[in-house]
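In what follows, every heavy atom counts, from backbone to side chain, and hydrogens, waters and symmetry copies are set aside.
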Amino acid sequence: MKQYVVFSVSNFATFYIVSIIETMKPSPYTIHYDNLRAWLKQQRENSGLSLRAASAMMGRHHSVLGKMEQDRRKIELSEFIEYCEVIGADPHEGMDVMINSLKTSKLV
């Protein structure tokens, strides 16, 4: 049984120290997202757009797209589709990358 330390900070709040290991469990789908991220980055580079140029076209800060490409932010489906449109990539092809990655891992 795990034990956690509870601290009381004056009379206003109580906060809990939670194990970082518990909150940072890796997803079983990480490798598949890595494949999708690599595909997205390659498609952006093939389009000749920099990260800043693509983000400006999407109306987003460049750090948002950078984090998506670097596995520091989840890829939301609607953002994925919009990003594909901006860089001229086919979102169906990107989904095929993910589907093939998932199928391949089940064969191993």
Side-chain angles (χ1 to χ4, degrees):
M1 181 174 187
K2 294 185 179 184
Q3 295 180 350
Y4 301 100
V5 179
V6 178
F7 292 96
S8 181
V9 181
S10 72
N11 291 329
F12 297 107
T14 302
F15 67 93
Y16 298 86
I17 306 284
V18 179
S19 168
I20 292 175
I21 294 170
E22 275 189 47
T23 60
M24 301 285 291
K25 291 179 182 175
S27 165
Y29 301 104
T30 299
I31 187 68
H32 311 297
Y33 278 104
D34 288 345
N35 293 336
L36 182 62
R37 283 182 173 84
W39 178 84
L40 268 175
K41 184 175 181 179
Q42 185 63 52
Q43 295 302 306
R44 179 183 55 75
E45 289 172 349
N46 290 347
S47 75
L49 291 172
S50 68
L51 198 56
R52 288 180 186 264
S55 62
M57 292 171 72
M58 282 182 69
R60 304 298 299 268
H61 194 271
H62 68 275
S63 67
V64 173
L65 299 185
K67 287 176 183 177
M68 279 174 42
E69 287 186 0
Q70 298 168 6
D71 190 22
R72 293 175 35 214
R73 184 175 188 276
K74 282 193 143 199
I75 300 174
E76 297 291 331
L77 185 57
S78 58
E79 285 178 320
F80 168 75
I81 294 168
E82 185 181 3
Y83 195 27
C84 285
E85 288 175 354
V86 164
I87 62 176
D90 182 2
H92 295 98
E93 189 179 321
M95 286 292 98
D96 286 342
V97 167
M98 181 69 107
I99 291 165
N100 290 333
S101 182
L102 287 163
K103 284 182 180 178
T104 303
S105 70
K106 290 181 180 178
L107 296 175
V108 176

Novice: Test of understanding: with salt bridge (charged side-chain N to carboxylate O under 4.0 Å, His left out), list the residues that count as partners of Asp90, not counting sequence neighbours.
Specialist: none

Novice: In this structure, would Val64 and Leu40 fall into the same cluster of hydrophobic residues linked by side-chain contacts under 4.5 Å?
Specialist: no

Novice: Same hydrophobic cluster for Ile31 and Ile99, using side-chain heavy-atom links shorter than 4.5 Å among ILVMFWY?
Specialist: no

Novice: Nearest 0.5 angstrom please: Phe80 CZ to Met95 CE, how far?
Specialist: 4.0 Å

Novice: Tell me the closest heavy-atom pair linking Lys74 and Met68, and the distance in Å.
Specialist: O-CG, 4.0 Å

Novice: Can you list every pair that meets salt bridge (charged side-chain N to carboxylate O under 4.0 Å, His left out) and has a residue in residues 56-67, with sequence neighbours left out?
Specialist: Arg60-Glu79

Novice: What are the two closest heavy atoms between Ala54 and Val86, and how far apart are they?
Specialist: O-CG1, 3.7 Å

Novice: OH/Tyr33 to CD1/Ile75 distance, rounded to the nearest 0.5 angstrom?
Specialist: 7.0 Å

Novice: Check Pro91 against Cys84 and note the closest heavy-atom contact, atom names and distance.
Specialist: CA-SG, 3.8 Å

Novice: What residues, two or more places apart in sequence or in another chain, satisfy side-chain hydrogen bond (donor to acceptor under 3.5 Å, both in side chains) together with Glu69?
Specialist: Arg44, Tyr83

Novice: Kindly compute the distance separating CG (Leu36) from CG (Asp71), expressed to the nearest 0.5 Å.
Specialist: 11.0 Å

Novice: How would you list, by chain and number, every residue that makes a side-chain contact (heavy atoms from CB on, under 4.5 Å) with Gln42, sequence neighbours excluded?
Specialist: Glu45, Asn46

Novice: With sequence neighbours excluded, what pairs up with Glu82 under the side-chain contact (heavy atoms from CB on, under 4.5 Å) test?
Specialist: Met58

Novice: At what distance, to the nearest 0.5 angstrom, does CD of Gln70 lie from CG of Asp34?
Specialist: 12.0 Å

Novice: Please, which pairs that meet side chain to side chain donor-acceptor pair (under 3.5 Å) have at least one residue in residues 50-59, sequence neighbours excluded?
Specialist: Arg52-His62

Novice: To the nearest 0.5 Å, tell me how far His32 NE2 sits from Thr104 OG1.
Specialist: 9.0 Å

Novice: How far does CG of Leu51 sit from CD1 of Ile87, to the nearest 0.5 angstrom?
Specialist: 10.5 Å

